[in-house]
Each structure stands twice: as C-alpha cells, then as structure tokens.
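What follows is a short report on a single structure.
Note that the structure is predicted; figures quoted are calculated from it, not measured.
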Amino acid sequence: MTIAPEAPARPAVPEFLELEITGRCQLTCPSLCYAKAGPTQDHGSMSGADWQRLISEAAEIGVKKVQFIGGEPTMHRHFDALVHHALAVGLGVQVYSNLYRVRLEHWALFEQPKVFLSTSYYSDLAEEHERVTGRKGSHAATRANIVQAVQRRIPLQVGIVEVFEGQRTAEARQELLELGVRTVNVDRVRSVGRGEVHVPSTKDLCGRCADGRAAIMTDGTVTPCVLGRFLNTGNAKTSGLAAVFSGKRWADTAASIPRRPVPTAGCTPADSNDCDPANTEACSPAY
C-alpha cells in the first residue's frame, strides 16, 4: 500500500509579519480597500509602546521581516520611531505606502539599508487610477513618487489590482517596467472589506496565508494575513506573539487554509501574486 506524503507543516512562528498600524488613509478606494481605511479612521487601540514591544518580541522569537501597512502607515504619529526600532532590533522592513504624499524625512528613511518600499498603481490613465482610489490627483502624485523612488534607487515593488472590467492593468504594468520598476505583481480583487461580494472564506485567499507569514491588526488581533482578517487567531497585545503562535487557534486556522499548487513557470500576469514562489510578499495586498 502506498501512503501519500503529508504536506509539510507550516512553521509555528512566521518569518514575515504585516503590521497594520493604522486605518487612516488619504484615499478611500470605495470598491477595493480590504481594511475599509480612509481619512476619518483612527490608529486603533495599539499604542506606540505596544507596537514597540510587539516588534521586539517578533525579533526575539524568530521573525525576520516586518511590513508596515494600513491605511497609510506614514500617517501614524509613531511611524518613524517604529521603523527605526524594527531596524535596531535587526528586522528587515518593508513599507506599503500609497505614495500619495511623501515627506522629505520619509525619503531619507526609505533609503536606509534593509528598508524596502511597496505601493499600488491601477492604470496608466489618471481617470482609471482615480476611479479606484476615490481621490482626484492621486494618479499624478503616486506616479511622480514612483519615479522618485526609482531615481533614489530605493528597492520598490508595485502591485496592480484589477478592479473593474476593461481596466488597463497590462498597460500599467508595461508603464511601470519602462519607468524602471523591477517588481510588478498583478492580482484580482479579493472578497474582503470594501471589495466584499460574498461572505469572506479561505477560498478567497491565495493559499499561502499563515505559511511563514501573519498579520497584526490595529487592536493587536493576529490573523494569517491582512486579507485573512476574518480569521482571528488570538491577540498579541493581551497574550503576546509567542503564545498566539504556539496556540491551538493559530494551528487550527493555518491547517484550515487550503494550499494551492504553485507553478514555477508559465504564470500569467493576472496570476502573478499567487504563483511567484520566489516572492515572499507576493500576496501582500496591492491596495
């Protein structure tokens, strides 16, 4: 009798953490935002000190890299201090910003070693991009700051999400490559947050949530990723990261997420977030 090999166990402690430090954002993304972020949202119940403790614990238990996300993470009053703290404890840092507005001191921060930058771009046409973001002028601002990041040689990853039929995602991708962006991922809308078209389930996920990654919400809730925010596995503010990742809720949730075959070749642009095994942040939300 032949026994099929079991799938490798998912590591208990993820190496990559998404830190959703705020729900505040200059944009509204009315048909897209997984976090329902916007100008009237707040930073949640995690204080700056809470985030610093969490980041320190993350480094102690084996996390290698954190991603600051929101909302727009640069709008958090402790953003600069949190990035510096993560670097000080030896973590790699990725910042997922909409690049709508970038302060001079933030460019200096993005140029630090071990800091990587990510953003979203939806079309080569301003009217299409702004249809997604809900903010007039956002296309020109984000495009100009993408150019600025490339010129400053800041490692940059750009995500494109196909939100509506006929959207010029292929043209946007080509434009980004011509501007000098080296990593461009294209994805579809997931049924989460303002993009919800049915009750979210694990079928909406890429299949790699909880596989070396996790996310922390603005109240300390730990989920398999920011798109898997409907899966509560515990609270890092009240229990600590180590306790959450060693707990039954985390293990059971990780086991409940169906893995999908990951091809090593032949990926189409529309599938690139799901099938680039070399890109550990590939299914980070591009919105």
Side-chain angles (χ1 to χ4, degrees), residues 10-23 34-35 37 43-74 76 78-97 109-110 112 114-118 155 157 159 192 205-247 249-251 253-254 257 273 279-286:
R10 303 188 186 205
V13 177
E15 293 190 352
F16 178 66
L17 287 186
E18 298 166 300
L19 308 181
E20 189 173 294
I21 62 174
T22 182
Y34 64 92
H43 301 317
S45 59
M46 287 279 285
S47 67
D50 289 331
W51 283 115
Q52 286 211 2
R53 283 193 295 271
L54 185 146
I55 290 167
S56 294
E57 184 185 5
E60 291 169 2
I61 66 175
V63 173
K64 304 299 183 186
K65 188 174 184 179
V66 293
Q67 179 186 63
F68 292 95
I69 197 164
E72 170 53 41
T74 62
H76 193 286
H78 298 302
F79 169 73
D80 301 53
L82 294 176
V83 171
H84 283 300
H85 182 67
L87 293 172
V89 297
L91 295 172
V93 170
Q94 185 167 18
V95 177
Y96 215 120
S97 168
L109 190 61
F110 298 155
Q112 294 294 310
K114 295 184 72 175
V115 175
F116 298 80
L117 186 60
S118 295
Q157 172 181 302
V192 179
L205 304 177
C206 75
R208 294 206 305 280
C209 298
D211 193 0
R213 67 188 301 121
I216 318 298
M217 306 291 99
T218 58
D219 63 353
T221 297
V222 182
T223 70
C225 76
V226 289
L227 292 177
R229 61 200 307 111
F230 52 92
L231 299 169
N232 183 338
T233 67
N235 192 285
K237 180 178 179 179
T238 57
S239 303
L241 285 174
V244 172
F245 292 138
S246 63
R249 287 171 67 186
W250 172 260
T253 301
I257 299 172
N273 274 7
N279 183 6
T280 59
E281 285 81 49
C283 54
S284 298

(message) Minimum heavy-atom separation for Val244 and Ser239, please, with both atom names.
(response) CG2-CB, 4.4 Å
(message) Could you work out, with ring pair (Phe, Tyr, Trp, His ring centres under 6.0 Å) as the rule, every residue matching His85, not counting sequence neighbours?
(response) none
(message) If I take atom NE2 from residue His43 and atom OG1 from residue Thr22, how far apart are they, to the nearest 0.5 angstrom?
(response) 4.5 Å
(request) Starting at CG of Leu109, measure out to CG of Asp80 and round the result to the nearest 0.5 Å. (result) 5.5 Å
(message) Working to the nearest 0.5 angstrom, can you tell me the gap between Cys209 SG and Ile257 CD1?
(response) 5.0 Å
(request) Identify the two heavy atoms, one from Gly23 and one from Thr218, that lie closest to each other, and give their separation to 0.1 Å. (result) N-CG2, 4.2 Å
(message) To check you understand the geometry: which heavy-atom pair defines the closest contact between Thr233 and Pro224, and what is its length?
(response) CG2-CD, 4.5 Å
(request) Considering only NZ, NE, NH1 and NH2 on the basic side and carboxylate oxygens on the acidic side, decide whether Glu18 and Arg213 come within less than 4.0 Å. (result) yes
(request) Looking only at non-hydrogen atoms, find the nearest pair between Ala243 and Ser246 and report the distance. (result) O-OG, 3.2 Å
(message) Minimum heavy-atom separation for Ile61 and Phe245, please, with both atom names.
(response) CD1-CD1, 4.0 Å
(request) Can you measure from CD1 (Ile55) to CG (Leu87) and round to the nearest 0.5 angstrom? (result) 9.5 Å
(request) Would you confirm whether Thr221, through its side chain, and Met217, through its main-chain N or O, come within 3.5 Å as a donor-acceptor pair? (result) no
(message) In the structure I gave you, are the side-chain heavy atoms of Pro155 and Leu117 within less than 4.5 Å of one another anywhere?
(response) no
(message) Do Ile21 and Trp51 have side chains that approach each other closer than 4.5 Å (heavy atoms only, starting at C-beta)?
(response) yes
(message) Working to the nearest 0.5 angstrom, can you tell me the gap between Cys225 SG and Glu20 CD?
(response) 10.5 Å
(request) Go through the steps to decide whether Gln94 and Gln157 satisfy the test side-chain contact (heavy atoms from CB on, under 4.5 Å), and finish with yes or no. (result) CA-CA 10 Å; Gln94 185 167 18; Gln157 172 181 302; 4.2 Å; yes
(request) Indicate the atoms forming the closest heavy-atom contact of Val226 with Arg229, along with that distance. (result) O-NH1, 3.0 Å
(message) Quick check: do Trp250 and Pro14 have side-chain heavy atoms less than 4.5 Å from each other?
(response) yes
(request) Might you work through the side-chain contact (heavy atoms from CB on, under 4.5 Å) test for Thr74 and Phe68, ending with a clear yes or no? (result) CA-CA 9 Å; Thr74 62; Phe68 292 95; over 6 Å; no
(request) Any chance you could measure Gln67, atom CD, to Leu91, atom CG, to the nearest 0.5 Å? (result) 13.5 Å
(message) With a 4.5 Å cut-off on side-chain heavy atoms, are Val222 and Asn235 touching?
(response) no
(message) Side chains of Ile216 and Leu54, heavy atoms from C-beta outward: is any pair under 4.5 Å?
(response) yes
(request) Starting from the C-alpha separation in whole Å, work towards a yes-or-no answer on side-chain contact (heavy atoms from CB on, under 4.5 Å) for Thr223 and Phe230. (result) CA-CA 8 Å; Thr223 70; Phe230 52 92; over 6 Å; no
(message) Does any part of the side chain of Lys65, heavy atoms only, come nearer than 4.5 Å to the side chain of Glu15, both counted from C-beta?
(response) no
(request) Using the test side chain to side chain contact (heavy atoms under 4.5 Å, CB included), find all partners of Asp50 that sit at least two apart in sequence or belong to another chain. (result) Met46, Ser47, Arg53, Lys237
